[in-house]
Amino acid sequence: MGSLDSDTTTTVGSFLSDKSAKMFVAGHRGLVGSAIHRKLVSLGFTNLLLRTHAELDLTRQSAVESFFAAEQPRYVIVAAAKVGGIHANSTFPADFIGVNLQIQTNIIDAALRCGSVRKLLFLGSSCIYPKLAPQPIPESALLSGPLEPTNEWYAVAKIAGIKMCQAYRLQHGLDAISAMPTNLYGPFDNFHPENSHVLPALIRRFHEAKVSGAKEVVVWGTGSPLREFLHVDDLADGVVFLMDRYSGLEHVNLGSGKEVSIKELAEMVKEVVGFRGKLVWDATKPDGTPRKLMDSSKLAGMGWEAKISLKDGLVNTYKWYVEHVAKQQQQ
Ligand SMILES: NC(=O)C1=CN([C@@H]2O[C@H](COP(=O)(O)OP(=O)(O)OC[C@H]3O[C@@H](n4cnc5c(N)ncnc54)[C@H](OP(=O)(O)O)[C@@H]3O)[C@@H](O)[C@H]2O)C=CC1
Ligand SMILES: C[C@H]1O[C@H](OP(=O)(O)OP(=O)(O)OC[C@H]2O[C@@H](n3cnc4c(=O)[nH]c(N)nc43)[C@H](O)[C@@H]2O)[C@@H](O)[C@@H](O)C1=O
């Protein structure tokens, strides 16, 4: 039986020199998967294995098994999942637990069975930690207290993913690692008015209010919760870093180390978008967990840190939204 400290180092340092190896990036059209795809292409990886949801439904076990058996990938990054903000998590609990358990279980198990996978990275989320975890939240806070009720279904699925990677490493020697990103944002985010996360939701709401000349914008909750945001290009950089540098049983936090209140975030988005009206708080909407700052010192100790400031990331994401989402909606 291994311990959480018993890191193996068999594959460390070989990923970045293996650029022609076949690599499956599951969910490559999403926020995270598309950023990882861009990063891998920019680094010169030449043999990326990509399937849209329509081409391969990852909830279908036999389809996933056949795909892995036929394609024999050497590396796997699991960025496909059912994802959404606080409202979507509370409204669709069955999807958030069921779809996520199916996708991750099918992929991790097929990765073992096909026999070709040298390394797999599973993406969890900071919501795996207890609602009232110590701040900043260390990796060791996992399973130390009750979860935040608005996303417990999703969190339980993600915790199962971490445990499955650990179990497959311990029993079968599969080099499966887990990264726990903080709240992410950037190009190719989901800008749905209700089901998205706060940052893309506010970009859209402020932009539409600016264009329509509205006097006010409604923001959910009290504005007091604190959140840590990481630009998805930083996340992709961190994922590649872990694929190359880390091989261990314990999951690794991946954050920016900087937090803002939702009120501060709303003021920043308002300024970046150029909306001149006022903010109105809808306190009937849930705040969710009060604070969620991760302790990313384990990753920092390996030599990685985030580079993109929230201000720069917001400017970049708003520009992308205007060019790719708002313009399409006008046509
Ligand atoms: N966004 C965030 O703030 C955070 C995200 N994460 C994690 O990062 C990972 C990626 O999230 P993110 O990029 O934001 O999510 P997105 O919703 O942007 O992307 C998810 C991708 O998975 C695909 N997918 C979903 N279901 C299936 C399926 N059954 N078969 C095949 N493909 C499927 C989606 O395709 P389609 O749209 O066609 O269904 C989409 O391309 C997740 O594990 C998430 O938990 C962690 C922390 C924060
Ligand atoms: C990444 C993470 O994301 C989720 O957890 P969350 O951090 O609570 O995410 P959120 O972005 O939806 O909200 C953050 C805060 O912002 C407030 N808020 C204001 N106005 C809007 C608004 O318009 N939309 C949304 N969504 N939130 C708003 C909202 O009330 C809350 O206080 C989970 O899916 C979880 O599973 C997970 O992994």
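Counting starts at 1 for both ligands and their atoms, following the listed order. All values derive from a computational prediction rather than experimental measurement.
Nearest protein heavy-atom contact of atom 35 (C) of ligand 2 is Asn151 ND2, 3.3 Å. With hydrogens left out, the protein atom closest to atom 45 (O) of ligand 1 is Tyr154 OH, 2.4 Å, a heavy atom. Scanning the protein heavy atoms around atom 10 (C) of ligand 1, the nearest turns out to be Ala79 O, 3.3 Å. For atom 1 (C) of ligand 2, the closest non-hydrogen atom of the protein is His197 NE2, 3.6 Å. Among protein heavy atoms, atom 26 (N) of ligand 1 sits closest to Ile103 CD1, 3.5 Å. Here the heavy atom of the protein found nearest to atom 18 (N) of ligand 2 is Val198 CG2, 3.5 Å. For atom 15 (C) of ligand 2, the nearest non-hydrogen atom of the protein is Ile262 CD1, 3.6 Å. When hydrogens are left out, the protein atom nearest atom 8 (O) of ligand 1 is Val32 CG2, 3.6 Å; that is the closest non-hydrogen contact. At the shortest separation from atom 39 (O) of ligand 1 among protein heavy atoms lies His53 ND1, 2.7 Å. Looking from atom 43 (O) of ligand 1 to the surrounding protein, the closest heavy atom is Lys158 NZ, 2.7 Å. With respect to atom 11 (O) of ligand 1, the closest heavy atom belonging to the protein is Val83 CG2, 3.5 Å. The closest protein non-hydrogen atom to atom 31 (C) of ligand 2 is Asp287 O, 3.3 Å. Summary of contacts: the protein heavy atom closest to atom 19 (O) of ligand 1 is Gly30 CA, 3.3 Å.
Within the listing of ligand 2, atoms 12 (O), 34 (O) sit less than 4.0 angstrom from a heavy atom of Gly85. Every atom of ligand 2 is numbered from 1 in the order shown, and the set under 4.0 Å from a heavy atom of Ser125 is 37 (C), 38 (O). With ligand atoms numbered from 1 in the order given, ligand 2 contributes 29 (C), 30 (O) to contacts under 4.0 Å with heavy atoms of Pro286. Against a heavy-atom cut-off of under 4.0 Å, Gly84 is close to the following atoms of ligand 2: 33 (C), 34 (O). Taking a cut-off of under 4.0 Å to the non-hydrogen atoms of Cys127, the atoms of ligand 2 that pass are 35 (C), 36 (O), 38 (O). Heavy-atom contacts of His197 reach the following atoms of ligand 1: 1 (N), 2 (C), 3 (O) (cutoff under 4.0 Å). Near Val219, meaning under 4.0 Å from any of its heavy atoms, are these atoms of ligand 2: 19 (C), 20 (N). Near Lys292, meaning under 4.0 Å from one of its heavy atoms, ligand 2 places the atoms 2 (C), 5 (O), 6 (P), 7 (O). Interface atoms of ligand 1 facing Arg29, defined by a heavy-atom separation under 4.0 Å, are 41 (O). Listed by number with element, the atoms of ligand 2 under 4.0 Å from a non-hydrogen atom of Pro225 are 32 (O). Within ligand 1, the atoms closer than 4.0 Å to a non-hydrogen atom of Thr59 are 29 (N), numbered from 1 in the order shown.
Ring-plane geometry between Trp320 and Phe191 is classed as parallel, the angle between the planes falling under 30 degrees on a 0 to 90 degree scale with a further cut at 60.
Considering Glu228, Met268, Lys258, Glu259 as possible partners of Leu310, the one that fulfils the side-chain contact (heavy atoms from CB on, under 4.5 Å) test is Met268. Of the candidates Leu120, Val252, Leu121, Ile177 forms a side-chain contact (heavy atoms from CB on, under 4.5 Å) with just one, namely Leu121.
Taking 4.0 Å as the cut-off, Arg205 counts as a neighbour of ligand 2 on heavy-atom distance. Residue contact annotation: Lys285 has no non-hydrogen atom under 4.0 Å from ligand 2.
Taking a cutoff of 4.0 Å between a charged side-chain nitrogen and a carboxylate oxygen, Glu139 and Lys298 do not qualify as a salt bridge. Look at Lys292 and Glu148 and you find no salt bridge, because none of the NZ, NE, NH1 or NH2 atoms lies under 4.0 Å from a carboxylate O. Ionic pairing of Asp233 and Lys39 is not present here: no N-O contact between side-chain nitrogen and carboxylate oxygen is shorter than 4.0 angstrom.
Proximity annotation for atom 12 (O) of ligand 2: of Leu184, Thr289, Ile86, Ile86 comes nearest, heavy atoms only. Checking Thr52, Leu58, Val198, Val99 against atom 30 (N) of ligand 1, the nearest heavy atom belongs to Leu58. Within the set Asn190, Leu184, Val232, the minimum heavy-atom distance to atom 2 (C) of ligand 1 is found for Leu184. For atom 7 (C) of ligand 1, the nearest non-hydrogen atom from the set Gly27, Gly124, Ala81, Ala80 belongs to Gly124. In the candidate list Thr182, Asn195, Asp57, Asn183, Thr182 is nearest to atom 47 (C) of ligand 1, counting heavy atoms.
Using modelled atom types, one side-chain atom of Gln104 and one backbone atom of Ala157 make a donor-acceptor pair closer than 3.5 Å. A side-chain donor-acceptor contact under 3.5 Å links Asp234 to the backbone of Ile308.
The shortest N or O to N or O distance between Ala201 and ligand 2 is not under 3.5 Å. Backbone and side-chain nitrogen or oxygen atoms of Leu202 are examined, and none is located within less than 3.5 angstrom of a nitrogen or oxygen of ligand 2. Backbone and side-chain nitrogen or oxygen atoms of Arg227 are examined, and one is located within less than 3.5 angstrom of a nitrogen or oxygen of ligand 2.
In Leu56, the part holding a heavy atom less than 4.0 Å from any atom of ligand 1 is the backbone. When heavy-atom distances to ligand 1 are checked against a 4.0 Å cut-off, Met180 has no atom that comes that close, whether in backbone or side chain. By the criterion of a heavy-atom distance under 4.0 Å, both the backbone and the side chain of Trp220 are placed next to ligand 2. For Ser196, every heavy-atom contact with ligand 2 shorter than 4.0 Å involves the backbone, none the side chain.
Put simply, the side chain of Leu242 reaches to within 4.5 Å of the side chain of Leu254, judged on heavy atoms. Residues Tyr129 and Asn253 form a side-chain contact, since some pair of their non-hydrogen atoms from C-beta on lies under 4.5 Å apart. No side-chain heavy atom of Asn190 sits under 4.5 Å from any side-chain heavy atom of Pro200. Side-chain contact between Ser116 and Pro73 is present, with at least one heavy-atom pair separated by less than 4.5 Å. The shortest side-chain heavy-atom distance between Asn195 and His87 falls under the 4.5 Å cut-off.
In this structure, His207 has its ring center under 6.0 Å from that of Tyr318.
The two atoms that bring Cys114 and Gln72 nearest to each other are O-NE2, 3.2 Å, heavy atoms only.
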Pair Asn316-His231, side chain to side chain donor-acceptor pair (under 3.5 Å): steps then yes or no: CA-CA 10 Å; Asn316 153 285; His231 191 278; 3.0 Å; yes
Derivation of the ring pair (Phe, Tyr, Trp, His ring centres under 6.0 Å) call for Tyr246 and Phe15: CA-CA 10 Å; Tyr246 184 68; Phe15 178 71; over 10 Å; no
Worked verdict on Leu49 versus Phe67 for side-chain contact (heavy atoms from CB on, under 4.5 Å): CA-CA 11 Å; Leu49 186 54; Phe67 169 74; 3.7 Å; yes
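When distances from atom 34 (C) of ligand 1 to the protein are checked, no heavy atom turns up under 4.0 Å.
When only modelled atom types and interatomic distance are considered, Asp237 and Trp304 share a side-chain donor-acceptor pair under 3.5 Å.
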